[in-house]
Amino acid sequence: MTALIPTATSERAIAIRREIHRHPELGFEEHRTSALVERELDELGIEHRRVAQTGVVGVIRGALPGRTAALRADMDALPIDEDSGEACSSEVPGKMHACGHDAHTAMLLGAARELMGRRASLHGNVVLLFQPAEEGPGGAEPMIAAGVLDDPRVDAMTMLHVDPRLPTGTIGITPGPVNAAADELHVTIRGVGGHGGYPHKAVDAIPAAAATVLALQNIAARETDPLAAIVVTIGTIAGGYRNNVIADRVTLTGTIRSYDPAIRRGVEARIRRIVGGVAAAYACSADIAIVYGYPPVVNDPALAAAFTAYVRERNGTPVEALPPTMGAEDFAFFAERVPAVVVRLGIYNELRGSVHTGHSPQFRLDEDAIPTGIATLVAFAKGVTSGAIQPQ
Ligand SMILES: [Zn+2]
Ligand SMILES: [Zn+2]
């Protein structure tokens, strides 16, 4: 694998990854990171502009006619205290690159270096998207609003995400849905407060809330095709004043995860019927709000199949068909507009301690995966721009 990418390019990407890892920045605060990206692009002679506050978009124009491919990397870190033991650990208390976005940014810069170096034989254009705030509140939508898919018009795009489910040196591509939609549920159940010794003089919101939590499980257990997928998780429940007071109000919050747009559309009516019905059965009322978040990410099936065959043959990379995850990813907004494929990059390596899932304070990233990631991005760009791989 490593032979596909010059050692100097991989070493530069690893140095950049460590530099970003030491200085993690949260969403829309990626000032240091985007300045680093701009410096690198300047050094490579790649035109670029600022979008979406801290986002950077670069364009490599090939010498030959062809299509336009976009490659996206996210740049933001998480509000976590690092406990990985890595030599390049975070120097900022309470912030950590625990999702691998430092490596995503470094690999995209590595791919930019390789593609710029081969510009004489490059068809079409390659758009480099360095995106802020993937972990929230979301940088993809403001980048799209800034026109990053329009000029040059993007024909197909990809992103890498590191994934400890796969060993280093391999990648995962799933045709169809890969990441779930993540929507928020907020419920307030209202009764009438009173004395704990005189329940008949009050309307207790607590048993109504308890029954609501259980009844909501019916959406997954009894109302959805068992071969489809939905999660309704109640994450918080809060109410009451003290042991001898009947609670007049309980608030619940939760997350709703799904892949299928039809199931996602239908879930709000189910929640309103169940929560409203249970509250009424307990003589309570309920306020229900659903806040729609990131949509599901759906890989273009033709593009996923074509790229799987292409990267296996061109790079010799083992490609696994990973099952989708219930994690969310705001790349969904790009994939709604342009045929797209998410590539999971294997980083599992016990010898390096690269075994923890993302968002863990112990998360470590096996840097031996970086050449594979760069080679995968380069292959996608070459395949799309030359017309060797095509979406439906
Ligand atoms: Zn994450
Ligand atoms: Zn991530």
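Since the model is a prediction, treat every value here as computed from it, not as a measurement. All ligand and atom numbering here is 1-based and tracks the order in the structure.
- For the salt bridge (charged side-chain N to carboxylate O under 4.0 Å, His left out) with E268, the lone residue among R264, R272, R270, R265 that qualifies is R272.
- Between F334 and F331, the ring planes lie tilted relative to each other; the angle falls in the 30° to 60° range.
- With R249 contributing its side chain and G191 its backbone, the two residues share no donor-acceptor pair below 3.5 Å.
- Side-chain contact of D330 with Q131: a donor-acceptor pair under 3.5 Å is present, judged by distance alone.
- In this structure, a donor-acceptor pair under 3.5 Å is absent between the side chains of T168 and D368.
- At a cut-off of 2.8 Å, measuring from the Zn ion (ligand 2), the protein N, O or S atoms that fall short of it are C99 SG, H101 NE2, H161 NE2, waters left aside.
- Checking N125, T385, D151 one by one against T68, the side chain to side chain donor-acceptor pair (under 3.5 Å) holds for a single residue, N125.
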